[in-house]
Amino acid sequence: MMRILLFLATNVAILVVISIVFNVLGLSGMLDAQGVDLNLNALLIISAVIGMTGSIISLIISKWSAKNAMGVHVIESPQNRTEQWLVDTVAKLAQQAGIGMPEVGIFQTPEPNAFATGMNRNSALVAVSTGLLQNMNADEVEAVVGHEISHVANGDMVTMALMQGVVNTFVYFFATVIGHVVDRTVFKTEEGYGPAYFIVQMVAQIALGFLATMLVMWFSRYREFRADAGGANLAGRQKMIGALRALQRGQAEDLPGQFAAFGINGGGVQKLFMSHPPLEERIAALQSQH
């Protein structure tokens, strides 16, 4: 909750700074002089509501979404030795990390993968694939679980969701400003909105959205290095390196949507849009630790 309040406060502070800058530079007056009747302060507030609402709702329902999207079977009562070992391992690492016991789940896919989600570090979900359990040894699986536990302990789910909300806020704000300016000054629309406004705003949102995605993905890659280091501290550095090398032998499939940022894989085509660094870079980072 403190992390959420901090990000909301940060978002408000940025909005205030932008508003002050616009007033000091006289941008509002310049727009008025050009016939652009746009209330920038009101737009900032509307943009924040639009930008943050979706991210916060996604965060709140993240565990429910994960269970349904990935078909996660939550282990309520272990039915075999593998499930018992997995629950015991999660419990041990969670205690080491100082967080509450997460829900533990398994999802059906032949590729080795895992993810963590949830809005509360003391009430999260850690899930692994059947392929992970079948294709990795116990030490490697333990390291993967340590990686996911580190995501939870670091509050990565909350941080990523709220960061996405912040960038969404400013994508909508600047796209709307651009749409208004073009509609009023170029196409001379005097009342209401002309077609140019909607077209230009949509194009601007797409273009700015690409830039925002690169920023969010850079932050996600930074978080992956931190989670690898956390997994190494919890399970052992050699175990974590071994787990990443096992993934190199058979690349994990991409997780859908919001869960990709908290998986263990190293997927992606364009590096700027990758949620995870290349596996060789992650291994090198662990090997360089002393």
Side-chain angles (χ1 to χ4, degrees), residues 57-97 99-158 160-161 220 223-224 227-228 230-231 234-235 239-240 242-244 246-247 249-267 275-276:
I57 291 175
S58 295
L59 179 62
I60 292 171
I61 66 172
S62 59
K63 284 207 301 182
W64 177 86
S65 297
K67 292 173 185 177
N68 286 276
M70 300 301 296
V72 175
H73 162 65
V74 176
I75 303 173
E76 302 286 353
S77 178
Q79 299 299 308
N80 53 55
R81 292 173 60 186
T82 299
E83 290 187 357
Q84 185 64 63
W85 176 85
L86 181 60
V87 170
D88 290 344
T89 299
V90 171
K92 178 186 72 173
L93 297 176
Q95 184 177 28
Q96 286 179 230
I99 65 172
M101 176 64 182
E103 289 185 88
V104 182
I106 298 174
F107 56 99
Q108 295 285 334
T109 181
E111 290 78 12
N113 222 322
F115 68 89
T117 192
M119 68 174 294
N120 190 320
R121 68 197 299 271
N122 292 315
S123 181
L125 167 69
V126 173
V128 302
S129 70
T130 51
L132 186 84
L133 296 173
Q134 293 164 0
N135 296 312
M136 287 189 177
N137 62 39
D139 285 348
E140 292 164 349
V141 174
E142 181 182 359
V144 170
V145 172
H147 173 100
E148 301 306 332
I149 290 291
S150 293
H151 272 310
V152 176
N154 293 338
D156 287 349
M157 290 76 72
V158 175
M160 285 295 296
S220 176
R223 289 286 182 174
E224 283 305 308
D228 283 344
L234 292 173
K239 290 181 182 180
M240 192 71 243
L244 295 176
L247 288 174
R249 296 193 296 268
Q251 289 284 334
E253 72 171 10
D254 288 335
L255 295 167
Q258 65 190 43
F259 311 114
F262 307 110
I264 189 69
N265 67 24
S275 63
H276 290 59

Point to revise | Main-chain N/O of Leu234 paired to Gln96 side chain as donor or acceptor, under 3.5 Å | key: yes
Check your understanding: Do you know which of Ile149, Asn120, Val145 makes side chain to side chain contact (heavy atoms under 4.5 Å, CB included) with Pro102?
Key -> Ile149
Practice item. Quick one: pull up CE in Met119 and CG in Leu59 and give me the separation to the nearest 0.5 Å. Key: 5.0 Å
Check your understanding: Of the non-hydrogen atoms in Ser129 and Ile106, which two are nearest, and what is the gap between them?
Key -> C-CG2, 4.5 Å
Practice item. Give the intermediate values and the outcome of side-chain contact (heavy atoms from CB on, under 4.5 Å) for residues Val104 and Glu83. Key: CA-CA 9 Å; Val104 182; Glu83 290 187 357; over 6 Å; no
Review point. After noting the C-alpha distance and the side-chain angles of Gln95 and Met101, does the key distance pass the side-chain contact (heavy atoms from CB on, under 4.5 Å) rule?
Key: CA-CA 8 Å; Gln95 184 177 28; Met101 176 64 182; over 6 Å; no
Check your understanding: If you round to the nearest 0.5 Å, how far is NE2 of His151 from CG of Asp228?
Key -> 7.5 Å
Check your understanding: If you look at every heavy atom in Ser150 and Gly230, which pair is closest and at what distance?
Key -> OG-C, 3.0 Å
Exercise for review: Working to the nearest 0.5 Å, report the span between CG of Asp156 and CZ of Arg121.
Suggested key: 11.0 Å
Review point. Quick check: does any side chain N or O of Thr117 sit under 3.5 Å from a backbone N or O of Leu125, one acting as donor and the other as acceptor?
Key: no
Point to revise | Nearest heavy atoms of Ala143 and Ala235, plus distance in Å | key: CA-CB, 3.8 Å
For residues 69-79, dump all side-chain donor-acceptor pairs below 3.5 Å to protein atoms at least two apart in sequence or in another chain.
residue : atom : partner : partner atom : Å
Gln79   : NE2  : Ser77   : O            : 2.6

Review point. If you round to the nearest 0.5 Å, how far is OG1 of Thr130 from CG of Asn113?
Key: 11.0 Å
**Study point:** Donor-acceptor contact present, side-chain Lys63 to main-chain Ser123, <3.5 Å
**Key:** yes
Revision key, fill the gap. So CD of Glu142 and CH2 of Trp85: to nearest 0.5 Å the spacing works out to 6.5 Å
Check your understanding: Of Asn154, Leu93, Asn122, which meets side chain to side chain contact (heavy atoms under 4.5 Å, CB included) against Ile99?
Key -> Asn122
Review point. Would Met240 and Leu244 count as a side-chain contact (heavy atoms from CB on, under 4.5 Å) if you check the C-alpha gap in whole Å, the side-chain angles of each, and the deciding distance to 0.1 Å?
Key: CA-CA 6 Å; Met240 192 71 243; Leu244 295 176; 4.2 Å; yes
Practice item. Let me see the working for Val144 and Leu247 under side-chain contact (heavy atoms from CB on, under 4.5 Å), right down to the final yes or no. Key: CA-CA 10 Å; Val144 170; Leu247 288 174; 5.6 Å; no
Revision key, fill the gap. Output for pair (Glu140 CD, Leu132 CG), nearest 0.5 Å, gives 9.0 Å
